[in-house]
*Asks:* 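Next up is a structure, given as structure tokens.
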Amino acid sequence: MTSDPARDDVVLKLTGVAAGYGRIQALGGIDLEVRRGQIVTLLGANGAGKTTTLKTISGLVRATAGTIVLEGRDIATMKPHEIARLGVVHVPEGRRILRGLTVRENLEVAAFAVRDGALRRSRLEQVFAQFPILHARQGQDGSLLSGGEQQMLAIGRALMQGPKLLLLDEPSMGLAPKLVLETMKIVKRLNRDEGTTILLVEQNARLALRLADYGYVLEGGMIRMRNAAAQLREDRSIVQAYLGGG
Amino acid sequence: MSLSVIIAHQLVNGLVLGSFYALVALGYTMIFGVIKLLNFAHGDLYMVGGFVGFLALSAISGVVGSGWGGIFLAMLLSMIGVGCLGVLIERIAYHPMLHAPRLSILITALAVSLVLQNAVLALTGGQYTAFHTDLGFGGIHLGPIFISYNQMVLVATAAGLMVALEFFVTHTQYGRAMRAVAIDHDMCRLMGIDVSAIIGVTFFVGTALAAAAGTMAGAYYGSLWYFMGFLIGLKAFTAAVIGGIGSIPGAMLGGLILGLLESFGTQIPGIGSAWKDVFAFAVLILVLVLKPTGLLGKSEQERM
């Protein structure tokens with residue numbers, strides 16, 4: 001987007017990344033790049049490999065080929081918790097709030113790798129300041145929150161980890177339309193105010209392209225198209241395939 | 001004896017028995033929580049804990065004596081040693097099986113149980129080992145009711161361990177991580193938690209509690225036997241299921257309920273002490289019929 005050199009350095013670079021589950025290949029060698037401060041979105045139909053891409057970056061799925069370079073360092077063979085500790089924070093599909101732990105405990109345990117207790121506390125205060133509802137519900141079982149509140153908790157949990165790169169998988173899934181917009185505003189705010197770099201997978205392509213700087217279109221585990229979000233918004237074939245017609 | 005005296009006596013007996021059950025049930029339930037394994041070797045680790053406590057006491061009693069002070073120290077040593085054994089067992093026997101079918105790891109647990117029993121059988125020749133202590137027979141009389149100091153110390157120690165455990169799981173990062181791992185391994189990995197390290201910590205803590213119970217039981221009853229872990233393992237499993245497997249408060253509650261029921265069950269006319277095991281398992285069946293998730297267990301439902 002901008003030509004500001006500070007914004008041009010590459011945080012994450014995937015080269016020829018392939019991955020799969022057992023014999024089923026889900027990614028057939030993809031190249032992808034995320035620059036600092038950007039929101040990059042991954043579009044595509046169900047089963048195109050969007051979630052697998054995120055899981056491969058965060059290490060839950062092992063790459064069978066290719067390199068995944070985070071700030072100059074190949075993380076393709078690292079374990080998920082090691083990758084998370086480098087600041088790659090993956091908020092998975094379905095939010096995965098920890099049942100039986102209170103809202104506060106969900107947040108605290110997310111900062112497990114943060115050894116500095118003072119830093120943990122100050123992050124907790126920041127999250128509570130940003131999401132007052134989480135502060136009000138801090139003693140409640142996290143799984144009893146409403147869908148929208150759970151989404152805030154999931155994002156709050158990610159913030160507790162101090163993300164350098166945020167991987168968001170379908171944050172709007174299962175939310176009422178009003179909450180979808182609310183969630184997208186939060187994503188935008190994180191990017192603009194905190195400068196958090198974001199890789200966003202979103203079913204709602206129209207919305208995703210409005211937020212994003214750059215977009216990739218996945219199909220059958222391959223990148224079919226890549227362009228600036230503004231360009232993709234204008235592309236008739238994208239519009240037809242993923243935005244529900246004209 | 002009047003009925004109220006009988007009730008009071010059985011209450012005390014039940015609390016003592018229930019304390020042992022609860023301590024062993026806690027490890028059962030914690031280990032089930034993090035790797036969904038019914039660790040059938042858990043009762044045998046209680047047995048090994050008794051023997052290690054005995055050996056430790058023999059080694060240190062010259063210096064510290066073999067009253068409660070010495071026994072505490074021996075118990076602590078046994079907890080550390082057997083806790084490490086628990087971690088070792090997990091690394092060697094269970095860890096490679098974590099992604100194998102559930103039945104395989106269950107059979108592995110049975111194998112570990114046999115190995116522990118037979119190792120101690122070989123070392124002791126199958127004889128009872130007398131656990132000598134200097135514990136007195138003193139106590140206090142509350143009217144017609146007599147409670148020995150040993151019973152009081154034992155119940156208080158068990159309660160202290162459970163309070164410490166409760167503090168650990170709710171107020172420390174490792175404790176919270178343990179509860180988190182029990183719910184969702186992958187989510188924990190994404191939060192930077194080394195799941196396999198937390199599983200190790202859980203085995204250490206769970207096994208150490210069994211070792212504490214084993215040492216105290218050895219000292220209290222005065223003898224040890226290679227097969228002494230078998231029945232208490234089953235009882236602890238029962239207690240954990242009654243309370244709701246995977247639930248820590250449930251294991252405490254289940255242990256106490258089982259201990260009390262067994263004690264009172266022996267007093268019902270026509271039901272002798274020979275029937276107390278039948279009693280325990282009948283309660284298990286009843287709970288499974290009426291509330292399959294256990295008293296404090298939660299169903300698996302999740303809100304989206």
Side-chain angles (χ1 to χ4, degrees), chain A residues 54-55 57-61 78-102 104-115 117 120 141-151 154 157-158 160-163 166-167 169 173-175, chain B residues 29-30 32-34 36 95 98-101 165-202 243-251 293-304:
Chain A
L54 295 194
K55 283 185 173 174
I57 296 168
S58 62
L60 287 181
V61 171
M78 289 173 71
K79 293 189 173 123
H81 72 268
E82 294 166 341
I83 295 171
R85 288 177 186 192
L86 293 175
V88 177
V89 176
H90 181 172
V91 180
E93 206 174 355
R95 301 177 274 276
R96 310 271 281 265
I97 301 305
L98 300 165
R99 178 171 35 86
L101 271 70
T102 64
R104 190 193 176 96
E105 286 174 329
N106 262 280
L107 292 168
E108 284 171 331
V109 80
F112 180 79
V114 181
R115 288 276 164 262
R120 238 172 19 226
D141 189 322
S143 65
L144 297 179
L145 297 180
S146 73
E149 289 160 358
Q150 284 195 15
Q151 187 56 56
R157 225 167 37 177
M160 292 298 291
Q161 293 177 251
L166 199 54
L167 311 175
D169 197 352
M173 192 177 76
L175 296 183
Chain B
T29 223
M30 287 161 66
F32 179 83
V34 292
K36 304 295 175 263
H95 204 74
L98 282 185
H99 300 287
L165 178 72
E166 184 62 23
F167 180 84
F168 170 73
V169 299
T170 54
H171 285 85
T172 68
Q173 282 291 77
Y174 272 92
R176 290 183 198 114
M178 201 184 85
R179 285 157 62 212
V181 166
I183 300 162
D184 192 336
H185 282 199
D186 275 350
M187 192 58 230
C188 285
R189 293 191 173 96
L190 295 181
M191 297 190 307
I193 296 171
D194 183 349
V195 169
S196 120
I198 298 296
I199 290 172
V201 170
T202 308
I245 189 99
S247 158
I248 287 173
T293 53
L295 297 175
L296 300 183
K298 294 193 183 88
S299 64
E300 291 291 314
Q301 273 178 5
E302 233 169 301
R303 196 161 152 185
M304 288 298 291

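Heavy-atom basis, side chains included; hydrogens, waters and symmetry copies ignored. Since the structure is predicted, the reported quantities are computational estimates derived from the model, not experimental observations.
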*Asks:* Please find the pair of heavy atoms, one from B:Arg176 and one from A:Leu101, that lie closest to each other, and give the distance.
*Replies:*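 Heavy-atom minimum between the residues: O-CD2, 4.2 Å.
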*Asks:* Just wondering, more than 12 heavy atoms not from B:Tyr174 lying within 6.0 Å of its OH?
*Replies:*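 At most 12 heavy atoms, drawn from other residues, nucleotides or ligands, come within 6.0 Å of this atom.
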*Asks:* Rounded to the nearest 0.5 Å, how far apart are CG of B:Leu190 and CG of A:Leu60?
*Replies:*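 If I round to the nearest 0.5 Å, the distance is 4.5 Å.
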*Asks:* Any chance you could measure B:Cys188, atom SG, to A:Arg96, atom CZ, to the nearest 0.5 Å?
*Replies:*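 Separation between the atoms: 10.0 Å.
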*Asks:* Considering non-hydrogen atoms only, spot the tightest contact between A:Phe112 and B:Gly192 and give its length.
*Replies:*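 Closest approach of A:Phe112 to B:Gly192: CD2-O, 4.2 Å.
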*Asks:* Any chance you could measure B:Arg189, atom CZ, to A:Glu82, atom CD, to the nearest 0.5 Å?
*Replies:*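 One gets 11.5 Å once the value is rounded to the nearest 0.5 Å.
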*Asks:* Taking A:Val109, A:Asn106, A:Leu167 one by one, which has the highest count of heavy-atom pairs under 4.5 Å against chain B?
*Replies:*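 Result: the option with the highest number of such pairs is A:Val109.
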*Asks:* For B:Arg179, is there any backbone N or O sitting under 3.5 Å from a side-chain donor or acceptor partner on A:Glu105?
*Replies:*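 A pair under 3.5 Å: no.
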*Asks:* Given a strict heavy-atom distance threshold of 4.5 Å, which part of A:Arg104 is in contact with chain B: side chain, backbone, both, or neither?
*Replies:*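 No part of A:Arg104 comes within 4.5 Å of chain B.
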*Asks:* Check for a donor-acceptor pair, side chain of A:Glu108 on one end and backbone N or O of B:His171 on the other, with a separation under 3.5 Å.
*Replies:*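 Checking the backbone N and O of B:His171 against the side chain of A:Glu108, no donor-acceptor pair under 3.5 Å is found.
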*Asks:* Can you name the closest pair of heavy atoms from A:Arg85 and B:Asp194 and give their distance?
*Replies:*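 Scanning both residues completely, I find the closest heavy atoms to be NH2-N, 3.9 Å.
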*Asks:* Nearest heavy-atom pair of A:Arg95 and B:Met187: which atoms, and what distance?
*Replies:*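 Looking at all heavy atoms of both residues, the shortest contact is O-SD, 4.4 Å.
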*Asks:* Less than 4.5 Å apart, any side-chain heavy atom of A:Gln161 and any of B:Met191?
*Replies:*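 A:Gln161 reaches B:Met191 side chain to side chain.
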*Asks:* Sort out for me which of A:Ser58, A:Gly59, A:Pro92 touches chain B most, counting heavy-atom pairs under 4.5 Å.
*Replies:*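 Of the candidates given, the most pairs with chain B belong to A:Pro92.
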